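Some notes on the structure that comes next.
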Amino acid sequence: MSATGGKDGGKRRCSLLLRPYVSRTLFTAAVCTYTQPRSLVVLLPSSSSRTTSVSHGGPRGSHQRSRQTTSVLGCHSRRSLGGSKVLEKNVVQTPRQAVRVFDEVNNDVTPQPLYQADPGAVQPMLFVDEMSVGSASDQPTATGSFTLPFSRSVFGSSRISSQSTTESVDDEDMFSKRDIPLSFPDVKVKKDTEKEQVTEDMLKDITEVFISETDTFSLLDMPSTFVCVDADEAEATIARNHQYEEVCRNRVSRDKHVARSVQTLTGTTKNKHVQSNGLMVVDADVCMSTATNVTVCDMYEPLSEAEQEETAGICNPVKTDHSEGVTDSSRGADRSVSVGSTATTVSASGSLKEVEVKALNAETQWKLIMLSDKFQLCLQTVERSILQNSFHPQLAAYRQLPVLGDPECPVKNEMVEQRTGGMDGGPSLQCLWVFSCELSRGRSVSCMTWNRKNPDLLAVGHGEFDSGNQKPGLVSCWSIKNLKWPEHIIHCDSAVTALDFSANSPSQLAVGTHDGSITIHGVHSKDNRSRGVSSRESPNRHLGPVWQLRWTQQQVSSTGEEKVEALLSVGADGRISKWFFFKDGLDCIDLMKLRRIQNTETLTGGKRTEMMTERVLTALTPGLCFDFHPTDSSIYLTGTWEGLIHQCSCSNSQQFLETYRKHFCPVNCVAWSPFNPDVFLSCSSDWTIQLWKQHHLKPVLGFTSAQKAVYDIKWSPKWPTVFGAVTEGQLEIWDLSSSILDPVIVQPAAPGVRMTSLLFSSQADCVVVGDTDGHVTVYQLKNLSVGEQSQVDVLEDLICSAASR
Amino acid sequence: MAEVEETLKRIQGQKGVQGIIVANSEGIPIKSTLDNSSTVQYAGLIHQLVMKARSTIRDIDPQNDLTFMRVRSKKNEIMIAPGESICWELLLNEFHSPKMKRCYSS
């Protein structure tokens with residue numbers, strides 16, 4: 001019950017009538033004053049039960065008419081006092097003070113009121129309309145006075161004002177006011193008479209009962225805060241509003257709050273990744289989609305002519321499908337079959353603008369796909385698979401997979417024959433494939449190297465350095481898996497002369513070029529244009545071409561536990577340098593300077609001083625190659641332009657340990673034997689290959705076959721007595737166990753092409769040969785039957801026998 | 001991006017390759033070197049096959065995934081490279097002459 005509304009401001013009260021209903025208990029007395037103005041009341045000797053029932057019935061309004069009629073008077077009688085038989089009429093009519101209660105002994109036991117109402121005060125209107133009767137100031141009735149305590153306790157002063165404001169209520173009130181006093185006397189009189197004459201006759205008499213509608217009880221009065229402009233209290237309301245605004249305005253200055261900003265500290269966000277299984281896509285009906293394809297095609301063709309010129313011809317027939325696809329995707333994540341049906345409806349109603357949008361989406365989607373790494377990986381896989389298909393037998397031979405006969409194929413016999421034919425023939429080379437692409441065609445191969453970690457990866461350096469003019473060089477990294485296109489291409493400014501892969505970080509490739517700079521590239525990245533770390537700006541860089549590079553494990557501590565990898569190079573300026581990273585580039589320290597040494601044999605002892613002075617003044621001689629000892633990585637051999645082979649140590653940068661003299665032309669390559677640590681080979685432009693034993697200053701064996709300079713020589717990683725040599729015009733495979741005079745296999749080069757470099761493959765019995773045409777050919781060694789004896793022993797025996805000679 | 005185009009051209013130029021189709025994860029062909037009807041037909045059929053194969057592998061081991069598929073028939077071979085959820089690509093390859101030796105492939 002909103003009593004507060006009434007309390008607040010009587011001025012704001014509207015003309016509505018509803019008034020809240022106070023609890024019934026309060027009403028027991030109050031209700032009793034409710035009267036039926038015109039009802040004839042049969043007053044029976046009051047019994048408490050009756051009155052209470054009436055008292056309950058009273059406030060219910062019209063529902064309780066019958067009850068009310070019976071004992072309204074009774075309630076009246078009861079109203080004023082708890083349960084005694086006191087005539088309420090007196091109470092109603094007269095002020096409170098007039099009511100007197102007398103008991104049998106005629107003592108005045110009038111209960112004193114709990115609340116002494118001031119009769120002069122304006123009495124508020126009561127809850128029920130009828131109450132207002134009593135509360136009318138001009139007719140103070142006992143009812144009103146009696147109920148005052150109750151009413152005031154709830155409503156208070158609101159009633160005072162409400163009384164004056166509610167007009168319509170007043171009417172009723174007046175009416176009721178008028179009536180009640182009028183009725184009371186009547187009722188009262190009748191009541192007296194009835195009381196005395198209650199006989200059976202009376203009971204049989206037909207009594208007239210007048211039923212009338214009760215007045216409206218207001219059970220709930222929530223006065224609204226809106227006042228109609230026409231209402232009487234409008235002026236008062238407006239005035240009050242103004243007053244309030246004034247107060248508010250004045251209050252502002254007196255408020256003690258301060259305007260202040262507050263900073264909310266937001267913590268750093270944390271990314272959280274959630275993994276879930278991919279969505280299951282179920283396509284239930286493919287035919288439907290194809291059917292829709294047809295319709296889309298038909299619809300699309302005339303519309304798409306505007307856009308056909310911007311896309312390639314290949315894409316056009318696909319775009320129709322793709323438009324449907326785009327509509328599918330534009331439908332959102334809905335992937336069910338119903339998408340197909342919606343696509344048809346969309347396409348059927350599509351306008352040209354929609355189609356254009358779809359076409360654009362096709363392009364963007366294709367671009368997105370092209371840029372994604374996974375697609376490139378897919379392409380790579382597919383390419384490799386195709387090539388594997390095409391080169392299946394060759395790759396199988398390379399991988400040394402057993403070749404089975406095809407049971408269904410009728411060519412089986414032929415193959416068997418071939419095999420037997422092969423057996424009969426001597427050792428031979430079979431060309432498996434050729435690494436070549438249009439980039440590398442025509443550019444001479446200068447050096448090759450295998451990757452230390454991935455034996456399928458071969459780096460080939462291209463560069464022309466025979467002629468005077470400098471052409472840009474190229475490094476192409478090939479993989480066995482892709483025979484048609486290199487995996488990685490590095491363009492260099494000048495001709496590439498040396499290559500080596502690092503062992504510690506297998507993707508690092510050191511490239512030495514003709515202008516003396518060394519660059520370290522990362523091969524794994526797809527970016528072909530990234531510049532590697534270079535020594536170009538280093539003040540100590542080589543002044544001539546870098547002829548050979550090598551990453552070696554250098555022992556740092558004396559105990560030999562730490563192995564640090566260092567890059568060493570030998571250059572045409574006669575320096576052997578060790579490189580390390582310095583700032584953005586490389587810098588080096590010199591391990592050795594290759595001083596020119598005169599042939600001491602010709603000089604006699606008398607000229608020693610001269611020699612010594614000469615030594616001081618001599619220039620450096622270009623170093624062409626070097627090789628590190630397989631077990632002791634601080635010892636290395638280096639071949640010079642003069643034809644001398646020096647054995648040096650990393651710790652001694654002044655003196656050579658040994659000098660091997662035999663060649664009289666530049667030594668092109670030296671190679672330690674991987675099986676026999678004391679033995680090494682050297683080849684030179686004087687057409688000879690020399691086999692040396694360490695600390696023996698004269699070669700053990702010398703080989704010569706062709707009258708051509710030998711450019712490259714390599715030991716076979718598998719057989720200790722086999723090595724390969726590349727001369728200008730042919731590839732030679734020597735097997736010392738079978739012959740020391742002639743090579744076992746001779747493979748002539750293609751006409752017009754010179755072979756320049758050689759590598760053995762560690763995985764297969766293959767040799768890789770590079771030539772001046774830019775081709776890298778892979779040959780397989782066939783039928784190279786090597787003896788059953790341990791090869792190393794054979795070599796030893798050979799050497800001993802040769803040395804003893 | 002240019003490398004991708006180059007690679008595609010190279011693949012197309014290989015011996016025995018009949019065509020390439022690039023499709024997105026929903027099986028809608030995006031790029032194709034075949035004619036329209038074949039493209040559509042292949043795309044629809046192969047998409048189902050790829051989904052089935054992929055679901056098979058993942059049912060057996062949920063952490064596994066399909067990386068490559070080859071379908072060899074009498075006349076030719078279809079190579080399918082499904083890529084994560086982005087796209088897959090397939091190409092047709094004719095077999096070489098029957099003189100090709102059969103080998104074990106690792």
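Hydrogens, waters and symmetry mates are skipped; everything else that's a heavy atom, side chains included, is used. We name chains A, B, ... by the order of the sequence lines, and we start the count at 1 in each one. Predicted model, so just to flag it, every value in this text is computed and none were measured.
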Q | side chain to side chain contact (heavy atoms under 4.5 Å, CB included) between B/T7 and A/E383, intermediate numbers included | A | CA-CA 8 Å; B/T7 313; A/E383 198 180 355; 3.3 Å; yes
Q) What is the distance from atom CD1 of B/I11 to atom CZ of A/R384, rounded to the nearest 0.5 Å? A) 11.5 Å
Q.
I need the minimum non-hydrogen distance between B/M79 and A/S385, along with the two atoms involved.
A. SD-CB, 3.4 Å
Q: Assess whether atom CG of A/N277 is packed by more than 12 heavy atoms of other residues, nucleotides or ligands within 6.0 Å.
A: no
(Q) Could you tell me if the side chain of A/L387 sits less than 4.5 Å from the side chain of B/Q14, heavy atoms only? (A) yes
